[in-house]
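Heads up, the thing below is written out as structure tokens.
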Amino acid sequence: MTLTALETPAPPVPPPTPSWPSRARRAWQKMSPYAYIAPFFTLFAAFGLFPLIYTAFVSLYRVELQTPGDMEWRGLNNYTVLFTDEFFWISLRNTFTIGVISTVPQLVMALGLAHLLNYRLRARTFLRTAMLLPYATSVAAATLVFAQLFGRDFGLINYVAGLVGIGPVDWQTGTVASQIAVSTIVVWRWTGYNALIYLAGMQSIPQELYEAAEMDGASKWRQFFHVTLPGLRPTIVFTVIVSTIGATQLFGEPLLFEGSISGGISHQYQTLGLYMYEQGWGFFHLGRAAAIAWVMFLLIVVLVGVNALLAYRRSRKEAVR
């Protein structure tokens, strides 16, 4: 018998048992990502998700502000009463019109300002900082100043219009005039903010595209329409969606413009936010106010979905080309 036949394989050596500090370190490496994001989800659940679900719950009951503990089941009756109220449809129409006449000029002006700031201008840093000053201004202070500017008898706007032969306009009583005045405040506050967003998007467009277009003989306007705008399409979609959400939730400007929760004598500029406030804290109908809040939430979801669908279809058409 050979020597090799007598040899027996050595028993396998068991792996060393990890020490407690090493096990704790591995467990922390696995759990640390969840620990880092836990504060956000905790705050979101407490101040975002829970109020949303509880508002849906309250919208199914009759709840008065004086006696919030006395809840009477009404089912969908709050929504039924809401859809038969003419002032709801007036506020919905006002929200749409004010949103359009404030969002469209705002984004167009922001795009033009960003295009100008994208050039090598003097004092560019100062101009970019100045763009954010209206956004940093308190909405209360800005609205009160604009309310004085749009005064009927002593307002600066009517004074300047009178110099060119235009009679005084009642900016707080007329339907179209009051909605234009409120929209002007929104445009003033948010144009600079959106301009800086567009400017950041423009600076992310590769410079080689502009150089190639210039070599092909494209003018500045053609470069803007065929290079800048296609490169800004995701940014434009983002600003449209954010502006749509902001227009649907418009509250501070119409409330402080005249100081009335009814949005003027004939509700001519009452938005959905003001209508919800009037029902909840003016008429003390918390259940109906909760129903309005959920209608606003669903309206925002629909509008954002439509914007996203249009952007998706446009991107698919561009990809096919």
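Below, each value reflects all heavy atoms present in this structure, side chains not excepted, and no hydrogens, waters or symmetry copies.
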Applying a strict under-4.5 Å side-chain criterion to I, L, V, M, F, W and Y, I'd like to know whether [X] and [Y] cluster together.
X	Y	value
V182	L107	no
Y277	I90	yes
L52	F57	yes
M296	Y79	yes
F50	V63	yes

What are the two closest heavy atoms between [X] and [Y], and how far apart are they?
X	Y	value
T137	L133	OG1-O, 2.7 Å
M276	A293	SD-CB, 3.6 Å
A291	N78	CB-CB, 4.0 Å
A46	P51	O-CD, 3.5 Å
S262	E278	CB-OE2, 3.7 Å
A114	A195	CB-O, 3.3 Å

Near [X] [atom1], under 6.0 Å, is it more than 12 heavy atoms from other residues, nucleotides or ligands?
X	atom1	value
Y54	OH	no
M109	CE	no
F41	CZ	no
W221	CH2	no

With heavy-atom distances below 4.5 Å as the criterion, would you say the side chains of [X] and [Y] are in contact?
X	Y	result
T95	Y275	no
H115	F224	yes
Q106	N194	yes
R74	L60	no
L111	L232	yes
F251	T271	no
F284	Q66	yes

Please confirm whether the backbone N or O of [Y] pairs with a side-chain atom of [X], one donor and one acceptor, at under 3.5 Å?
X	Y	value
Q270	I261	yes
Q223	A218	yes
H285	G280	no
S243	V240	no
S91	F88	yes
S102	G99	yes
T248	I300	no
D85	F87	yes

Check whether the side chains of [X] and [Y] place a donor and an acceptor atom closer than 3.5 Å, and report yes or no.
X	Y	answer
T239	Y198	yes
Q268	N94	no
Y210	T228	yes
Y269	Q172	no

Quick one: side chains of residues 142-165, donor-acceptor pairs under 3.5 Å with protein atoms, not counting sequence neighbours, listed by atom name and distance.
from, atom 1, to, atom 2, distance (Å)
T143, OG1, V139, O, 2.6
N158, OD1, V169, N, 3.2
N158, OD1, W171, NE1, 3.0
N158, ND2, G151, O, 3.2
N158, ND2, R152, O, 2.9
N158, ND2, V169, O, 2.9

Just how far is it from atom [atom1] of [X] to atom [atom2] of [Y], taken to the nearest 0.5 Å?
X	Y	atom1	atom2	value
L229	I236	CG	CD1	5.5 Å
I101	S183	CD1	OG	3.5 Å
S260	L274	OG	CG	8.0 Å
L92	F83	CG	CZ	9.5 Å
Q179	T184	CD	OG1	11.5 Å
L117	L196	CG	CG	7.5 Å

Would the F40 and Y36 ring centres measure less than 6.0 Å apart?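 Between F40 and Y36, the centre distance exceeds or equals 6.0 Å.
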Step by step, work out the side-chain contact (heavy atoms from CB on, under 4.5 Å) result for M131 and L127. CA-CA 6 Å; M131 286 291 179; L127 293 176; 5.7 Å; no
Should E64 and R62 count as an ion pair when the cut-off is N to O under 4.0 Å? yes
Out of V306, N307, L299, T103, which one pairs with T244 under the side chain to side chain contact (heavy atoms under 4.5 Å, CB included) rule?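 That would be N307; it is the only one of V306, N307, L299, T103 passing the side chain to side chain contact (heavy atoms under 4.5 Å, CB included) with T244.
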Going by the side chain to side chain contact (heavy atoms under 4.5 Å, CB included) test, name the single residue among N118, I197, V227 that passes it with M202.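 Per the side chain to side chain contact (heavy atoms under 4.5 Å, CB included) rule, the option paired with M202 is N118, out of N118, I197, V227.
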Applying ring-ring contact (aromatic ring centres under 6.0 Å, His included), name anything that partners F297, two or more places apart in sequence or on another chain.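 In terms of ring-ring contact (aromatic ring centres under 6.0 Å, His included), with neighbours along the sequence ignored, F297 is linked to W294.
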